[in-house]
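See below for the structure under consideration.
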There are 2 protein chains.
Amino acid sequence: MASPRRIGAPDAKNRAVLLDAAEQLMLDEGYAAVTSRRVAAKAGLKPQLVHYYFRTMDDLFLAMLARQSEAGLDRQAKALASDRPLRALWELVTDPGGNVMTMEFVALANHRKTIRAEIARVAEQFRAGQIDAITQVGERYGLPPDVLVVLMTGISQVIVHERALGVSTGHEPTLALVEEHLRRLEGPAEPTEPTEPAVAAVAAVAEPGAGS
Amino acid sequence: MASPRRIGAPDAKNRAVLLDAAEQLMLDEGYAAVTSRRVAAKAGLKPQLVHYYFRTMDDLFLAMLARQSEAGLDRQAKALASDRPLRALWELVTDPGGNVMTMEFVALANHRKTIRAEIARVAEQFRAGQIDAITQVGERYGLPPDVLVVLMTGISQVIVHERALGVSTGHEPTLALVEEHLRRLEGPAEPTEPTEPAVAAVAAVAEPGAGS
DNA sequence: GTCTATACTTCGATAGAC
DNA sequence: GTCTATCGAAGTATAGAC
């Protein structure tokens, strides 16, 4: 597995530049656009540098995943610390920006065995954090927290996903149903501290998706 | 748009052979494996023949989609004609085989603009058929049929999808919840005519996926 | 109507120069 | 420690032979 070839320092400036470029490409054009040549072009560097800092393309993808998931888990932890964790979770999972990246990684996992295990591990981390935060409130709903989380994930995903595709039948009443339940559980949308993305996220589902 | 180049007859034998090969590749290794060279190799033909029968790769994908969706809509119509359409739908959407193909096409749509519109059109057709069949039973559930269909689609998709990835937290109790609701609505799993895949499909969600 | 010879592009990756 | 010259394989597609 180990290669004799040398590899760039983890904190080198160009390494980060390449990661940024790769991330942007993945967001804009999907994982298939993340090739050594295109990443380098976007970064204003030579293609061979990609292989210097990341020996293989899989290594690059893993590095992207690591950076993204770390940031994502942070954001999630902060959001779920709210006194309305259920609504916070809903806003999180209906955010089109964050989901584009996730979708790409999941699609990528279909074709890269190396990535699959790591994606699964990260996904379980996200889920564990969510269940943890919802645990208290879940009782009030009459559903176990893990079920609640799976339901919200499934419902939001199908809507966000189909929306991106151009399918919309049944979305509106379903969103209304979720909103009704959220309201019953945690009251209307206004949080204690004006965490402004509140309405934006839900509304965004009904709008053409934007980047993160 | 129109090319002066000639194209193979729609009913030529090798055209079907290529379609079969492409389908198998997509199922086994994902859409990224569907390249002119690999399809031809699997079919035992020369790569150039792919471009003879399908001018571009997009054309090949569209032909696959047409064949698949026609068969899928047929299967769905037959299944939903059951006297327990809700359970029939659930079995349909939790079938891992059928979903692998769907997932691949959806992922493909992310990267091929040409395909996207067609996928969306097909997806709406499936949904319309489902809503139509559920309409009668939906009333008894207290939820509009379109909401019911979106919910079932979302829940099943997240489970099938995560299962393929290796994520499983919360799946079992969620499946149990759905089963409980189905039972309440339409009674236990046994259908009038022994449509045997009944249990198999739900069980399959908890097992490593098999082909269609 | 069916298939082949061939061109051109882009890909991932390595060895070796600075 | 950083970057470049270069390779071999694979991808899509076309023009033209049978």
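The basis for the numbers below is simple: all heavy atoms, side chains too, and nothing from hydrogens, waters or symmetry mates. Worth saying up front: this structure is predicted, and the values here are computed from it rather than measured.
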- Item | Under 3.5 Å donor-acceptor, Arg15(A) side chain and Pro10(A) backbone | yes

- Once you round it to whole Å, what is the distance between C1' of dG1(C) and NZ of Lys13(B)? 15 Å

- Side chains of Phe61(A) and Glu118(A): does their closest heavy-atom pair fall under 4.5 Å? no

- Taking atom NZ of Lys42(B) and atom CD of Glu23(B), what is their separation to the nearest 0.5 Å? 11.5 Å

- Touch check for Thr35(A), heavy atoms < 4.0 angstrom, all strands: base, sugar-phosphate only, or nothing? sugar-phosphate

- Message: Does dC3(C) have its OP1 or OP2 closer than 4.0 Å to a side-chain nitrogen or oxygen of Asn14(B)?
- Response: yes

- Message: I'd like to know if the side chain of Arg87(B) and the backbone of Glu186(B) have a donor-acceptor N/O pair within less than 3.5 Å.
- Response: no

- Got a sec? Which of residues 16-23 of chain A come in under 4.0 Å of DNA chain C, heavy atoms? none

- Whole-Å distance between dA13(D) C1' and Arg6(B) CZ? 16 Å

- Name the one of Val93(B), Leu143(B), Asp132(B), Leu89(B) that satisfies side-chain contact (heavy atoms from CB on, under 4.5 Å) with Val149(B)? Leu89(B)

- Look at the side chain of Arg127(B) and the backbone N and O of Thr169(A), then say whether any donor-acceptor pair between them is shorter than 3.5 Å. yes

- Note: contacts of residues 42-54 of chain B with DNA chain C (heavy atom, under 4.0 Å) are Lys46(B), Gln48(B), Leu49(B), Tyr52(B), Tyr53(B)

- Taking the nucleotide of DNA chain C with the closest heavy atom to each, which residue, Asp58(A) or Gly8(B), is nearer the 5' end? Gly8(B)

- Query: OP1 or OP2 of dT14(C) sitting under 4.0 Å from any side-chain N/O of Arg5(A)?
  - Reply: yes

- Under 3.5 Å donor-acceptor, Glu29(A) side chain and Gln24(A) backbone: no

- Message: I want to check something: taking the side chain as every heavy atom from C-beta on, are Tyr31(B) and Arg112(B) in contact at a cut-off of under 4.5 Å?
- Response: no

- OP1 or OP2 of dT14(D) less than 4.0 angstrom from a side-chain nitrogen or oxygen of Arg55(B), does that happen here? yes

- Query: Expressed in angstrom and rounded to an integer, what is the separation of Tyr31(A) atom OH from dG12(C) atom P?
  - Reply: 13 Å

- Task: Calculate the interatomic distance between Arg15(B) atom CZ and dC3(C) atom C1'; express it in whole Å.
- Result: 16 Å

- Task: Figure out the CD1/C1' separation between Ile7(A) and dG1(D), and round it to whole Å.
- Result: 12 Å

- Measure from the side-chain N and O atoms of Gln76(A) to the backbone N and O of Leu92(A), and report whether any donor-acceptor pair falls under 3.5 Å. no

- Find the distance Arg112(A):CZ to dC11(C):P and express it as a whole number of Å. 12 Å

- When the distance from CG of Leu25(B) to C1' of dG11(D) is rounded to whole Å, what number comes out? 15 Å

- Arg37(B) atom CZ is separated from dT9(C) atom P, nearest whole Å, by 15 Å

- Any Ser36(A) side-chain N or O less than 4.0 Å from OP1/OP2 of dC11(C): no

